[in-house]
Amino acid sequence: MTASYAPGIPPAPVVIDHDSDPVQSDTPVADPLALAREWLPGPGEDRLLMTVSTIGLDGLPDARTTMLSDFDGERFFFHTDADSRKAAELAADPGVALTILWPGFTRQLVVQGTASRSSRAESDEAYRRRSPYLQQLAWQNTPAFAQLPLAERRARWDEFLRAHGGAGDPSFTPPASWAGFAVTPHRLVFWVSNPLAASRRIAYTRDADSWTLAALPG
């Protein structure tokens with residue numbers, strides 16, 4: 001993995017140098033995965049939020065916001081409850097789109113690809129690196145818990161924390177339903193804002209072992 005979890009204050013808006021930005025360049029980079037690595041947070045930096053879009057079991061689009069857990073240079077990772085709706089949708093149809101929008105509306109990366117379950121060892125390590133709040137959330141963010149009145153949710157949250165000695169402790173392990181997904185992209189679309197001219201997008205589509213590139217209106 002190339003990045004670690006550090007949930008907290010979102011990254012500051014990116015300052016775009018429009019004279020040298022690779023998306024604005026007359027000769028964009030040939031490897032979109034290298035560009036993604038350049039754009040995405042590095043080790044120890046805050047994670048970005050993204051919209052995960054799937055095909056619902058009713059055949060209609062479905063979407064929700066979650067955290068981009070990691071990028072290993074080839075695949076994009078996120079984690080969720082294996083009993084969640086999105087996990088059921090991905091089991092039925094692994095096609096997925098990830099929309100990552102940078103703070104300040106400065107950059108956007110759309111990833112279209114195929115999701116597969118990541119290894120238990122990887123998902124356990126990802127859980128270990130999550131914030132104490134997100135570790136506990138993985139245990140209690142259930143449909144049954146969501147039905148409770150606010151006062152009872154707060155009481156049960158505090159009770160769980162006391163009973164387990166505090167989330168964040170090395171012995172605090174993930175629930176059995178904790179699951180990771182790795183998305184292998186077949187298309188990546190990069191966009192940057194441009195106040196000096198009409199912005200544009202650069203789309204890369206996988207063609208066997210190479211990528212084809214197209215410039216699109218922003």
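Keep in mind that what you see is a predicted model, and the values were worked out from it rather than measured.
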Closest approach of Gln108 to Trp39 (non-hydrogen atoms, all atoms of both residues):
O-CZ3, 3.5 Å

By side chain to side chain donor-acceptor pair (under 3.5 Å), which residues pair with Thr66, not counting sequence neighbours?
none

Hits for side-chain contact (heavy atoms from CB on, under 4.5 Å) against Thr114, two or more places apart or cross-chain, chain-then-number order -> Pro94

Just so I know, are the side chains of Arg187 and Pro32 near enough to count as touching, which here means a heavy-atom distance under 4.5 Å?
no

Ion pair Glu122/Arg75, N-O distance below 4.0 Å
no

Shortest non-hydrogen contact between Ala88 and Leu57, atoms and distance
O-CD2, 3.9 Å

Considering only distance and modelled atom types, tabulate donor-acceptor pairs under 3.5 Å from the side chains of residues 141-153, sequence neighbours left out.
residue, atom, partner, partner atom, Å
Thr142, OG1, Phe145, N, 3.1
Glu152, OE2, Arg156, NE, 3.1
Glu152, OE2, Arg156, NH2, 2.7
Arg153, NH1, Leu148, O, 2.7

For the pair Trp102 and Leu109, evaluate side-chain contact (heavy atoms from CB on, under 4.5 Å) and give the outcome as yes or no after the intermediate values.
CA-CA 9 Å; Trp102 271 251; Leu109 171 59; 3.9 Å; yes

Partner set under ring-ring contact (aromatic ring centres under 6.0 Å, His included) for Trp211, not counting sequence neighbours:
none

Residues that Asp158 engages under side-chain contact (heavy atoms from CB on, under 4.5 Å), provided they are two or more places apart
Arg162

Okay, side chain of Glu74, backbone of Thr184: is any donor-acceptor separation there less than 3.5 Å?
no

Show your reasoning for whether salt bridge (Lys or Arg N to Asp or Glu O under 4.0 Å) applies to Glu125 and Arg128.
CA-CA 5 Å; Glu125 174 62 15; Arg128 185 189 67 79; 2.6 Å; yes

Count I, L, V, M, F, W, Y as connected when their side-chain heavy atoms are under 4.5 Å apart, and connections chain through other members. Are Val110 and Ile100 then in the same cluster?
no

So Arg47 and Leu68, do their side chains get closer than 4.5 Å, heavy atoms only?
no

So how far is it from Met50 CE to Phe78 CZ, rounded to the nearest 0.5 Å?
6.0 Å

Taking every heavy atom of Ala87 against every heavy atom of Asp81, the minimum-distance pair comes out as CB-O, 3.7 Å

Please find the pair of heavy atoms, one from Ser123 and one from Trp178, that lie closest to each other, and give the distance.
O-NE1, 2.7 Å

Please say yes or no: joined through hydrophobic side-chain contacts below 4.5 Å, possibly via intermediate residues, are Val29 and Val111 part of one cluster?
yes

Side chain Arg64, main chain Val52, donor-acceptor under 3.5 Å
yes

Axial cation check for Phe190 ring with Arg201, 6.0 Å and 45° limits
no

Supply the atom-to-atom distance Ile202 CD1 to Leu216 CG, rounded to the nearest 0.5 angstrom.
7.5 Å

Under the side-chain contact (heavy atoms from CB on, under 4.5 Å) test, which residues partner Ile55, sequence neighbours left out?
Asp93

Donor-acceptor check, side chain of Ser118 to backbone of Gly180, threshold 3.5 angstrom: yes or no?
yes

Using side-chain heavy atoms (C-beta onward) and a distance below 4.5 Å, is Asp124 in contact with Ser119?
no

Within this structure, what is the CZ-CG distance for the pair Phe76 and Leu188, rounded to the nearest 0.5 Å?
5.0 Å

Residues Asp70, Asp72; criterion side-chain contact (heavy atoms from CB on, under 4.5 Å); working and verdict:
CA-CA 7 Å; Asp70 221 333; Asp72 68 357; over 6 Å; no

When rounded to the nearest 0.5 Å, the distance separating CG of Leu33 from CZ of Phe71 is 5.0 Å

Closest non-hydrogen contact found for Gln136 with Tyr127 is N-OH, 4.4 Å

Heavy-atom count around Arg120 CZ within 6.0 Å, excluding the residue itself: above 12?
yes

Of all heavy-atom pairs linking Gly73 and Arg37, the shortest is CA-NH2, 3.3 Å

With rounding to the nearest 0.5 Å, note down the distance linking CD in Gln140 to CH2 in Trp157.
5.5 Å

What's the spacing between Met67 CE and Thr80 OG1 if we round to 0.5 Å?
12.0 Å

